[in-house]
Q: 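Take this structure first; my questions come after.
Side chains included, hydrogens not; waters and symmetry mates left out as well; all remaining heavy atoms used.
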Amino acid sequence: MATTELYTKGACVWVPDPEAVWVSAQLLQNYRPGNQHILIQLTDGREMEYPVLPPAGLPPLGNPDILEGENDLTALTFLHEPAVLHNLRVRFLDYSSIYTYCGIVLVALNPYEQLPIYGEEVIDAYSGQDMADMEPHIFSVAEEAYRTMIREEKNQSIIISGESGSGKTVSAKFTMRYFAVVGGAAQQTSVEEKVLASNPIMEAIGNAKTTRNDNSSRFGKYIEIGFGCKGDIIGANMRTYLLEKSRVVFQVLARSYSVHIIS
């Protein structure tokens, strides 16, 4: 929480808005402890008295203009909801970037369109590079996991989370594509294709239509990719878990047969 000494005339603050969620405003007077209101001016020129009574209290302070569009949220002076939303918005609209770091976490915005940022030339650019030296990208996270696995000879995990329609399956696809290329399978990504091709079958009884996605997976997916001693892909398997059974209406019953071979 920022100290009250920072709430001086000319300071930028964020105030709640019923449509835009948060809007920027400027203080028109210094705040003194005990004041029940502060005078602010919104970006559209309107002046208003903002109540600072509990539980809301003083509005969140805005970050300096020099930090606008930072590629790492932890670099912001003030890290709160309006600051995060504004920084992501600036990077998306002004920098055409859907990726932003928050420390070792990669925040991704779904653009709902194909972007030319996943080609083999981009993979080559991120291969062998440190996360701090490159712009935020899903390939940078994949490269960090791949290099750590090779260097320390230990299993690594990449956790992809988000709400329905956020692009989790696509992010997993691009991660596997990266591994296929850097692992020496640039010309044949059969492992990636087979794992992805199994998705429709494994999700057949678990998908549901939502307001954001017509074919939303109700499964969690655990994808394990095996690498050889030279860093090449040697196999993969996928398991599903946490099926939301409340979304399943019914399951079609069918006869099944099998052949048992005993030797």
Q: I'd like to check Ile233 versus Met176 (side-chain heavy atoms, cut-off strictly below 4.5 Å). Are they in contact?
A: no
Q: Closer than 3.5 angstrom, by distance alone: can the side chain of Asp130 be matched with the main-chain N or O of Ala132 as a donor-acceptor pair?
A: no
Q: Under the side chain to side chain donor-acceptor pair (under 3.5 Å) test, which residues partner Tyr101, sequence neighbours left out?
A: Ser140
Q: Give me the atom names and distance for the closest heavy-atom approach of Tyr50 to Pro16.
A: OH-CD, 3.6 Å
Q: Of the non-hydrogen atoms in Ser24 and Thr43, which two are nearest, and what is the gap between them?
A: O-CG2, 3.4 Å
Q: Roughly how far apart are Leu106 CG and Ile159 CD1, rounded to 0.5 Å?
A: 13.5 Å
Q: Kindly compute the distance separating OG1 (Thr175) from NZ (Lys173), expressed to the nearest 0.5 Å.
A: 12.0 Å
Q: Evaluate side-chain contact (heavy atoms from CB on, under 4.5 Å) for Met131 paired with Glu143, printing each intermediate quantity in order.
A: CA-CA 8 Å; Met131 290 181 65; Glu143 170 63 20; over 6 Å; no
Q: Any heavy-atom pair between the side chains of Val84 and Leu79 that's under 4.5 Å?
A: yes
Q: Please check: side-chain N/O of Tyr7 versus main-chain N/O of Leu27, any donor-acceptor pairing under 3.5 Å?
A: no
Q: From Asn110 CG over to Lys168 NZ, what is the distance, rounded to the nearest 0.5 angstrom?
A: 10.0 Å
Q: By the definition ring-ring contact (aromatic ring centres under 6.0 Å, His included), identify the one residue from Tyr178, Phe174, Tyr126 that meets it with His137.
A: Tyr126
Q: Around atom CG of Asp44, are there more than 12 heavy atoms from other residues, nucleotides or ligands closer than 6.0 Å?
A: yes
Q: Answer yes if Leu93 and Leu67 sit in the same cluster of Ile, Leu, Val, Met, Phe, Trp and Tyr residues linked by side chain heavy atoms under 4.5 Å apart, and no otherwise.
A: yes
Q: Which residue, Glu70, Arg91, Glu135, forms the side-chain hydrogen bond (donor to acceptor under 3.5 Å, both in side chains) with Thr100?
A: Arg91
Q: Tell me if the CD1 atom of Ile66 is crowded by more than 12 foreign heavy atoms within 6.0 Å.
A: no
Q: For Pro64 versus Thr77, what's the shortest heavy-atom pair and its separation?
A: CD-OG1, 3.9 Å
Q: Please report the C-alpha distance between Glu224 and Asn155 in whole Å, then the side-chain angles of each, then the deciding distance to 0.1 Å, and finally whether the side-chain contact (heavy atoms from CB on, under 4.5 Å) criterion is met.
A: CA-CA 10 Å; Glu224 185 178 53; Asn155 296 334; 5.9 Å; no
Q: Using side-chain heavy atoms (C-beta onward) and a distance below 4.5 Å, is Cys12 in contact with Gln26?
A: no
Q: Could you work out the complete set of other residues in the hydrophobic cluster of Trp22, with links drawn between I, L, V, M, F, W and Y side chains under 4.5 Å apart?
A: Trp14, Val21, Leu85
Q: Any chance CD of Glu152 has more than 12 other-residue heavy atoms, nucleotides or ligands included, within less than 6.0 Å?
A: yes
Q: Could you report the tightest heavy-atom contact between Ala25 and Ile40, atom names first, then the distance?
A: CB-CD1, 4.0 Å
Q: Is there side-chain contact between Ile117 and Phe139, with heavy atoms separated by less than 4.5 Å?
A: no
Q: Mind checking the CD1-CG spacing from Ile98 to Leu115? Nearest 0.5 Å is all I need.
A: 5.5 Å
Q: Can you hop from Met48 to Ile38 via hydrophobic side chains spaced under 4.5 Å?
A: yes
Q: Do other residues, nucleotides or ligands put more than 12 heavy atoms under 6.0 Å from Leu53 CG?
A: yes
Q: Are Asp232 and Lys230 close enough, and set up right, to give a salt bridge (charged side-chain N to carboxylate O under 4.0 Å, His left out), and what steps lead you there?
A: CA-CA 6 Å; Asp232 54 324; Lys230 296 181 179 180; over 6 Å; no
Q: Is Tyr99 reachable from Met134 through a run of I, L, V, M, F, W or Y residues, each pair having side-chain heavy atoms under 4.5 Å apart?
A: yes
Q: Specify the closest pair of heavy atoms between Val107 and Cys102, including all atoms of both residues, with the distance to one decimal.
A: CG2-CB, 4.3 Å
Q: Please name the pair of heavy atoms, one in Ala83 and one in Asn63, separated by the smallest distance, quoted to 0.1 Å.
A: CB-ND2, 3.4 Å
Q: Could you tell me the separation between the CD1 atom of Ile234 and the CD1 atom of Ile225, rounded to the nearest 0.5 Å?
A: 11.5 Å
Q: Any donor-acceptor pair under 3.5 Å linking the side chain of Ser127 with the backbone of Ile123?
A: no
Q: Can you confirm whether Asp94 is buried at CG, in the sense that more than 12 heavy atoms of other residues, nucleotides or ligands lie under 6.0 Å from that atom?
A: yes
Q: Indicate, with yes or no, if Leu6 and Val15 share a hydrophobic cluster defined by side-chain heavy-atom contacts under 4.5 Å among Ile, Leu, Val, Met, Phe, Trp and Tyr.
A: yes
Q: Are Val23 and Leu28 grouped together when hydrophobic residues (ILVMFWY) are joined by side-chain heavy atoms under 4.5 angstrom apart?
A: no
Q: With rounding to the nearest 0.5 Å, note down the distance linking OG1 in Thr169 to CD1 in Ile223.
A: 8.0 Å
